[in-house]
Each structure stands twice: as structure tokens, then as C-alpha cells.
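Values reported hereafter were calculated over all heavy atoms of this structure, with side chains retained and with hydrogens, waters and symmetry mates removed.
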Amino acid sequence: MNPLLASASEMSRALRARDVTSRALVDAHIARVVAVNRRINAMVQFRFDEARREADAADELLRTTLDPSRLPPLHGVPCTLKENFAFEGFPQVSGMVSRRAAIAQADAPTVARLRAAGAIVLGFSNTPELCMWMETHNHVYGRTSNPYDAGRIAGGSSGGEGALIGAGASPFGLGADVGGSIRFPAFFNGVFGHKPTPGIVPNTGQYPEPKGAMNHNCVTGPIARRAEDLWPLLRILSGPDGVDPLCTAGALRGDPAEVKLEHLRIVAIRDDGRRRVAADLSGAQLRAAHFLGARSRGLSWIQPRALRHAFDIWAALMQQAEPEPFAVQLGDGRRISTLRELGRWAIRRTPHTLPALVLALLESLPVPRARHLELGKALRTELLSVLGDDAVLLYPPYTRVAPRHNLPMLTPFDFAYCGLFNVLGFPSTQVPLGLNARGLPLGVQVIAAPGGDARTIAVAQALEREFGGWVMPPR
């Protein structure tokens, strides 16, 4: 077993069979982080010494236990975490200059669950400023680059996590998604990411932490190099924590192992009708659609008219959730003067990044809420009717493969390809579909009606078997 290619589940099986040691797995991934991080700047806080000590302890327990099958499911398996999740005693900066000295006082519930399951955390990955842009860059840790081409973005806001996993430096990690922040990094870095149905996994312990109705739009979920890890990780992460108001039942429905592809219907949408999708990405979706259509109850293509208003629907439903104003978050509770900070940015005197300031400026603009709330409601009803409880939807994750640094600022509304499904509350699994002619990852979203997480993950596993899934960057 090559530990840099194996899934967390494969590592766990090898550990229990005593075919490998936890220390060997941890050391292999630490060596890979050291080899790639200078190029991609994805891991920004390190706990290598602690990880080695925990691996040695895990090996000692494996050596002395009579029944390894009774050990926690991730016993001795390495992983990484997005830096905005609280981990006791380590920074929780979230890309904010004013939070350079912020140290978490307790583990986030999801972090505590992974650690209780035996996972060994190697370190913490980079985010955009306050986790609110699709390119990972801030004035604390710098810019994260794509492992397939360092001149391109790794995505955001879980961009550091996606880059580490795509580079082979981590088998899985923890991300959060309010507008594509799990799926963009998974797509651009050629790995798997799952945005769960809202209410399954608690959001508690992030910074910034979603409040009230925002817990519907922002969800926590796994990113992994192999599809077989997504469901076991969801089982570990799911369940109420007594704090997140939406995560009260937290029950996962079904099981990917019980999903029969021949019983599913496949629905596909080529684009949103306004922002065209590049030919190589459309071609990958078409190949996936034809493969699944031939092995299921059939393939149908649809084009809902309301998709043309995807960004406006996202913006209206986000405003309806009444998030704390972004300009207030940037000021640590006091609203910043966005125009003043933009002027300071021009002379390189502001602690804030340009995307953060532009977002703060845009949120002050009026949104024609009533019309787009109705469009969103109608679109959700239409998709629920189309998908039912026996179909999945194939939809592009973005308009093109990983763009070069800064270019997403020229097409800022393209993120709605992912963001729309946050506000609609649909689960979505991002699936890699090989590399294009330039060696950059291709992929597709697999979406289901709320509660259909097992279906999207089962289809992701089928696509991985057919198209190969994640491919280690050749350089």
C-alpha cells in the first residue's frame, strides 16, 4: 500500500491487520507536506511533533490490544483541518490580520469527533480572509496555489485543505461550505468533497460561526482523496451538538452500499443559461451522464428557466437568513468604512484583501428580494419534483477549470453554480473526472433532494470506479 495514494479506510484496514504502523503513515504524509508546501503554501500551522507522539501511542495500543476491530474507526490515520475550525491550543485566525493572536480554547465538536475517532491531525490549512472568497489568499498566511499548476487558484474557502489533499499530502480533511467552499477546492484540486444536507453536521466552533438561519446555508463536511471515505466521515461528523440550532436530529438517511445504480434516474443540466461552461468541462459531464444513463433507469436533460437568476436567488436567500454584515465581521464587531479601506488598499495600507472589501461593498447594494425569493421557491419546488427520492442531478461546478490567480474577480458571479444549492438546501458531492489536455482537474457535481446524501455518494463511487477519481499531480 502506498500511503500517499490510499484512502483513510484502506489505511485503517492495514493498521488493524498490522501491515503498517501509524508512525509510518504519519511520517509519509509529513514528508509529503514538506515536499510540496513551499510550492503551494497550503498548510499554515503545523503539529508534526504532536502527530508523531500520537502515532507512537496509537501503535503501542495496536501492539497490545487483543481485538483491533474494537479500536475507533480512524485509529492512527493522519488528516488535516481547515484553520477556521477550533482546535484547542492552536491559532484560529481565519485569514484576519486582527486575529493573529487568536488561540482556540476548545475543540469544535466536529474536530472533537474526528479526534475521538482516532484521527491524527498533522496541521491546519489556509483560508481566504474570513472564509468568504473562492481564492485562498490573506495578509496573514499569504496565497495558496494549485498543486497541478502553481499559477492557478486552489479554490476557497477550504482552498488550503483541497490543495493538501490534491497534492497527496493528506488523505482527508474538514471543510465548510456557504457558497461552494467545499466543492470548489475539491473540483480545482481533483478530489472529492461533500456538502451535506443542512442539519446533519453541526457548524459550531468555526470562525466566523454561522448564526441562526445561516446554519441552513453554511454546512460542514468532508474533503477526501477517495470516495469511499465520504460516508464513514459523515457518520463520524453527524449528530446534534446541543448548540447548532438546525442540527437537532442529525440523522443520516440510507447507506451508499444499499443504493442500486440501476434503480436510479439520472437528470442533467448543461449550464445555468447565462454563464457558459467551457467545452472540456461540458465534455466531462457528458461522458459521466452517458455512463450513468446507460446503467440506470435512464438519462434526461432539463433546463429550468429560473437558473438564469442563480446569483440573484442566492443573494436574496442569503439576505433573508440575516447574516451579520460582512463589513461588521471585518471590523471585529465594528463596521469598517469600506470606501476608506478600498482607498487604503490602493496604497497597500489596509489589512484587508480586495475580494473581502468588494464583498463588503456589494452587500450594501439593494437586492430585489421579493421577486428572487419567489423564483428561488419555485426553482426548489421544481427540482424537488424532478428529483424525487430516486434521482440525482449532474451539474457543472463552475464555468471552467481552475483559473489563474486573481481571474475569478473578473467573473465574480460564476460561483453561483455551487452557491445556489446552499440556499436551496440540496446535498452535493463534487466528483473528479480526470484531467484535461493541460493536466488540470475536471469534475461534476452530483446533487440530490434533501436527505439524499447516500445517493450522491453512491454515484460518486460509481464514477470513481469508471473514471479513476483523483490523480496524483504529475509534478
Side-chain angles (χ1 to χ4, degrees), residues 132-134 155 177-181 183-184 187 195 198 216-217 265-286 288-289 299-321 323 355 358-359 361-388 391-401 403 407-428 430 442-450 456:
M132 281 299 286
W133 182 234
M134 63 180 301
D177 190 318
V178 73
S181 292
R183 290 158 292 158
F184 287 133
F187 167 44
K195 183 199 87 67
H216 176 275
N217 299 337
R265 293 179 297 110
I266 309 300
V267 182
I269 301 175
R270 288 185 172 85
D271 57 41
D272 69 1
R274 174 169 290 182
R275 287 163 279 264
R276 296 188 63 182
V277 175
D280 54 357
L281 196 52
S282 288
Q285 180 193 15
L286 186 64
L299 167 67
S300 60
W301 294 83
I302 63 171
Q303 191 63 46
R305 292 174 60 88
L307 276 178
R308 290 180 54 83
H309 304 281
F311 170 76
D312 299 306
I313 292 170
W314 179 86
L317 286 167
M318 282 287 288
Q319 280 198 5
Q320 186 184 50
V358 171
L359 178 60
L361 182 66
L362 289 176
E363 74 172 356
S364 65
L365 300 178
V367 175
R369 177 186 293 184
R371 175 172 177 247
H372 293 115
L373 287 176
E374 287 302 313
L375 281 173
K377 181 179 179 182
L379 178 59
R380 189 175 194 274
T381 300
E382 179 180 357
L383 291 177
L384 286 172
S385 175
V386 168
L387 294 176
V392 296
L393 168 66
L394 302 185
Y395 192 61
Y398 195 56
T399 54
R400 57 201 188 277
V401 297
L407 287 187
M409 288 289 292
L410 302 179
T411 55
F413 304 132
D414 287 8
F415 83 91
Y417 270 91
C418 279
L420 176 67
F421 295 96
N422 290 79
V423 293
L424 295 184
F426 287 38
S428 173
Q430 178 58 42
L442 299 164
V444 69
Q445 288 188 84
V446 181
I447 298 160
T456 68

List the atom of [X], the atom of [Y], and the distance in Å for their closest heavy-atom pair.
X: Pro355; Y: Met409; value: CG-SD, 3.8 Å
X: Leu394; Y: Ala288; value: CD1-C, 4.1 Å
X: Ala310; Y: Leu420; value: O-CD1, 4.1 Å
X: Gln445; Y: Pro396; value: NE2-O, 3.1 Å
X: Gly180; Y: Asn422; value: N-OD1, 3.7 Å
X: Lys195; Y: Gly425; value: NZ-C, 4.5 Å

Taking the six-membered ring for Trp, are Phe415 and Phe184 closer than 6.0 Å centroid to centroid?
no
Under 3.5 Å, is there a donor-acceptor pair between the side chain of [X] and the main chain of [Y]?
X: Arg265; Y: Val386; answer: yes
X: Arg183; Y: Cys418; answer: yes
X: Thr381; Y: Lys377; answer: yes

[atom1]/[X] to [atom2]/[Y] distance, rounded to the nearest 0.5 angstrom?
X: Thr399; Y: Leu281; atom1: OG1; atom2: CG; result: 8.0 Å
X: Met318; Y: Glu363; atom1: CE; atom2: CD; result: 9.5 Å
X: Arg369; Y: Ile313; atom1: CZ; atom2: CD1; result: 14.5 Å
X: Leu384; Y: Leu379; atom1: CG; atom2: CG; result: 9.5 Å

Do [X] and [Y] have side chains that get closer than 4.5 Å, going by heavy atoms?
X: Asp312; Y: Leu375; result: no
X: Leu387; Y: Leu393; result: yes
X: Thr411; Y: Arg275; result: no
X: Thr456; Y: Ile447; result: no

With Ala378 via side-chain contact (heavy atoms from CB on, under 4.5 Å) - residues at least two apart:
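Partners of Ala378 under the side-chain contact (heavy atoms from CB on, under 4.5 Å) test: none.
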Could you point out which residue of Tyr398, Phe187, Tyr395, Trp314 forms a ring-ring contact (aromatic ring centres under 6.0 Å, His included) with Tyr417?
Tyr395
So Asp414 and Arg400, side chain to side chain contact (heavy atoms under 4.5 Å, CB included) or not? Walk me through it.
CA-CA 9 Å; Asp414 287 8; Arg400 57 201 188 277; 3.3 Å; yes
Decide yes or no on side chain to side chain contact (heavy atoms under 4.5 Å, CB included) for Ile269 and Gln303, but give the supporting numbers first.
CA-CA 6 Å; Ile269 301 175; Gln303 191 63 46; 3.8 Å; yes
Determine whether more than 12 heavy atoms belonging to other residues, nucleotides or ligands lie under 6.0 Å from atom CZ of Arg274.
yes
With side chain to side chain contact (heavy atoms under 4.5 Å, CB included) as the test, would you mind laying out the steps for Val423 and His216 before giving the verdict?
CA-CA 7 Å; Val423 293; His216 176 275; 5.7 Å; no
Go through Asp177 and Phe421 one step at a time and tell me if the side chain to side chain contact (heavy atoms under 4.5 Å, CB included) criterion holds.
CA-CA 10 Å; Asp177 190 318; Phe421 295 96; over 6 Å; no
